[in-house]
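What follows is one structure encoded as structure tokens, with my remarks underneath.
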Protein chains: 2
Amino acid sequence: MPRKTDARARAIATAVRLFRIQGYTATGLTQIIDESGAPKGSFYFHFPRGKAQLAEEAIDHYVASRISLLREISANTAGHALKFVHQIFAAFAAEMVASDFQYGCLMQNLANELPALDAELTKRVARGFIDSTEIVAEHFRECGFASARASSTAAALVAAVEGARTIARLERTPAIFQALADVSVRGWAAPKG
Amino acid sequence: MPRKTDARARAIATAVRLFRIQGYTATGLTQIIDESGAPKGSFYFHFPRGKAQLAEEAIDHYVASRISLLREISANTAGHALKFVHQIFAAFAAEMVASDFQYGCLMQNLANELPALDAELTKRVARGFIDSTEIVAEHFRECGFASARASSTAAALVAAVEGARTIARLERTPAIFQALADVSVRGWAAPKG
DNA sequence: CACATTCTATGGCGATCACCATATTATGGC
DNA sequence: GCCATAATATGGTGATCGCCATAGAATGTG
């Protein structure tokens, strides 16, 4: 009994896209169904629990791709902490430029909208951050960082990236990523340049 | 012809609160009017341009209080870059703890929801970030930072704070602010602890 | 009191929301 | 061809959305 259509996958991909651009609440099922190109009638066949289930799968899909990106960068910069950091900034900056700054971070959007709406989905987003932060921390440990320091550095990096995506989207330039890269080489408030 | 009631001010304050908790789209005018305690009928008397105008004033109100907070911290740490940074982290962390992590940043929420909805309001949010970043940059300049470095450090700091608020809200602990404080004293990827 | 202004109340506009019951068609394995 | 399942189509549920027209009540100054 294999899947016979890709309607399901397309609905998830469209949900990811629209949630990133417009947010969760602002995106109606009608629009997702329309833009996913097909069947209005079968939505609740594929997603019996409705919008919440669609969001679950959208989160999982997004988190998986985010983690695989981080893993790839980590592999490309094995043993080099600074290179790793810079390549992360560069990758996220490049993604925003490529989309003309239309796309926000799905996890960040949901992190802001879901706490008042759905505790279960909120936990799933939180888990996504924990998991992707762990990838980063692992890289730092492999660079020789002590465990505690690797964890806090990873958390700080992930937070900085999220903030940068917010700012970059507003300013429509990747300048903030460059600013973070600069700061990362000399510390935040080092006495002299 | 003085103002006779505070219905207007209460509507704005309620809008700020709900936009921070639930976001812009998820917050209906009905709820704002109800929770602001009063008059349903006079909403379009006070805000002829409707929800967009209310959002404008909510943004202005929030930005003003944010800037005044930053000014206060700047005055309290004149000449000390690191103290300034740490006190900013501490202040935002404390605010989140005090609200039991229910409140997000109004500007961040709107930054994620408005680009697809209202270009004018989006510009206003962007302006709010520019203005509050400038306060931070000014402090760094007064610490002797070169102009360009002061600007990029300020931008990085603002971005990091925003990201930290997202993470802290999900994790329901201010740990991320501590992580950022730790990183700020030693640089992001310094070779050894 | 007169009277303009400020504010509040009511009811409904069309549109959209998430959701679902029902019926029909396409597609497997046998 | 048979038949269960997978998938699509249609139409409508009640609720809520932002918005607004109209009318009435409260409040200030002359």
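Below, chains carry the letters A, B, ... as their sequence lines are ordered, and counting in each starts from 1.
For the pair B/F43 CZ and D/dA21 P, the interatomic distance rounds to 15 Å; values are reported in whole Å. Residue A/I32 contributes atom CD1, which lies 14 Å from atom C1' of C/dT16 at whole-angstrom precision. In this entry the distance linking CG of A/D34 with P of C/dA18 reads 12 Å, nearest Å. Here the P atom of nucleotide C/dT8 and the CD1 atom of B/I33 are 11 Å apart, to the nearest Å. Look at CZ on B/F45: it is 18 Å from P on D/dA23, rounded to the nearest Å. In this entry the distance linking CZ of B/F47 with C1' of D/dC20 reads 16 Å, nearest Å.
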Please tabulate, one pair per line, all N/O donor-acceptor pairs under 3.5 Å involving side-chain atoms of residues 82-96 of chain A, not counting sequence neighbours.
{"residue": "A/H86", "atom": "NE2", "partner": "A/A181", "partner atom": "O", "Å": "3.4"}
{"residue": "A/H86", "atom": "NE2", "partner": "A/S184", "partner atom": "OG", "Å": "3.0"}
{"residue": "A/E95", "atom": "OE1", "partner": "A/R20", "partner atom": "NH2", "Å": "3.3"}
{"residue": "A/E95", "atom": "OE2", "partner": "A/R20", "partner atom": "NH1", "Å": "3.4"}
{"residue": "A/E95", "atom": "OE2", "partner": "A/R20", "partner atom": "NH2", "Å": "3.3"}

Counting only pairs under 3.5 Å, give me each side-chain donor-acceptor contact of residues 54-61 of chain A, with atom names and distances, residues two or more places apart or in other chains.
{"residue": "A/E56", "atom": "OE1", "partner": "A/R49", "partner atom": "NH2", "Å": "3.1"}
{"residue": "A/E56", "atom": "OE2", "partner": "A/R49", "partner atom": "NH2", "Å": "2.5"}
{"residue": "A/E57", "atom": "OE1", "partner": "A/R8", "partner atom": "NH2", "Å": "2.4"}
{"residue": "A/E57", "atom": "OE2", "partner": "A/R8", "partner atom": "NH2", "Å": "2.7"}
{"residue": "A/E57", "atom": "OE2", "partner": "A/Q53", "partner atom": "NE2", "Å": "3.4"}
{"residue": "A/D60", "atom": "OD1", "partner": "A/R124", "partner atom": "NH1", "Å": "3.0"}
{"residue": "A/D60", "atom": "OD2", "partner": "A/R124", "partner atom": "NH1", "Å": "2.7"}

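Applying the 4.5 Å side-chain rule to ILVMFWY residues, one finds A/Y103 in the same cluster as A/I21.
A/F145 does not carry A/R141 over the face of its six-membered ring by the limits of under 6.0 Å from the centre and within 45° of the normal. With a 6.0 Å cutoff to the six-membered ring centre and a 45° limit on the axis angle, A/K51 counts as a cation-pi contact of A/Y24.
Between the side chain of B/T122 and the main chain of B/L114, a donor-acceptor pair closer than 3.5 Å is present. Under the 3.5 Å distance criterion, the side-chain polar atoms of A/E113 are left unmatched by any main-chain donor or acceptor of B/G23.
The stretch residues 12-29 of chain B touches DNA chain D through B/T27, B/G28, B/L29, each having a heavy atom within less than 4.0 Å of the strand. Contacts of residues 48-61 of chain A with DNA chain C (heavy atom under 4.0 Å): A/G50, A/K51.
Close to C/dT6, at under 4.0 Å from its OP1 or OP2, lies no side-chain N or O of B/H46. Distances shown here put every side-chain N or O of A/Y44 at or beyond 4.0 Å from the OP1 or OP2 atom of C/dC20.
Rounding to the nearest 0.5 Å places NE2 of B/H80 at 13.0 Å from CD of B/E142. With values rounded to the nearest 0.5 angstrom, A/L170 atom CG is found 11.0 Å from A/T173 atom OG1. B/S42 OG to B/H46 NE2: the interatomic distance, rounded to the nearest 0.5 Å, is 4.0 Å.
In this structure, B/R66 does not pair ionically with B/D131, as no charged nitrogen and carboxylate oxygen lie closer than 4.0 Å.
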Which atoms of nucleotides 9-12 of chain D (N or O only) lie under 3.5 Å from a protein N or O atom, and what are those distances?
none

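Residue B/A7 is the one, among B/A7 and A/T30, whose nearest nucleotide of DNA chain C lies closer to the 5' end (criterion: closest heavy atom).
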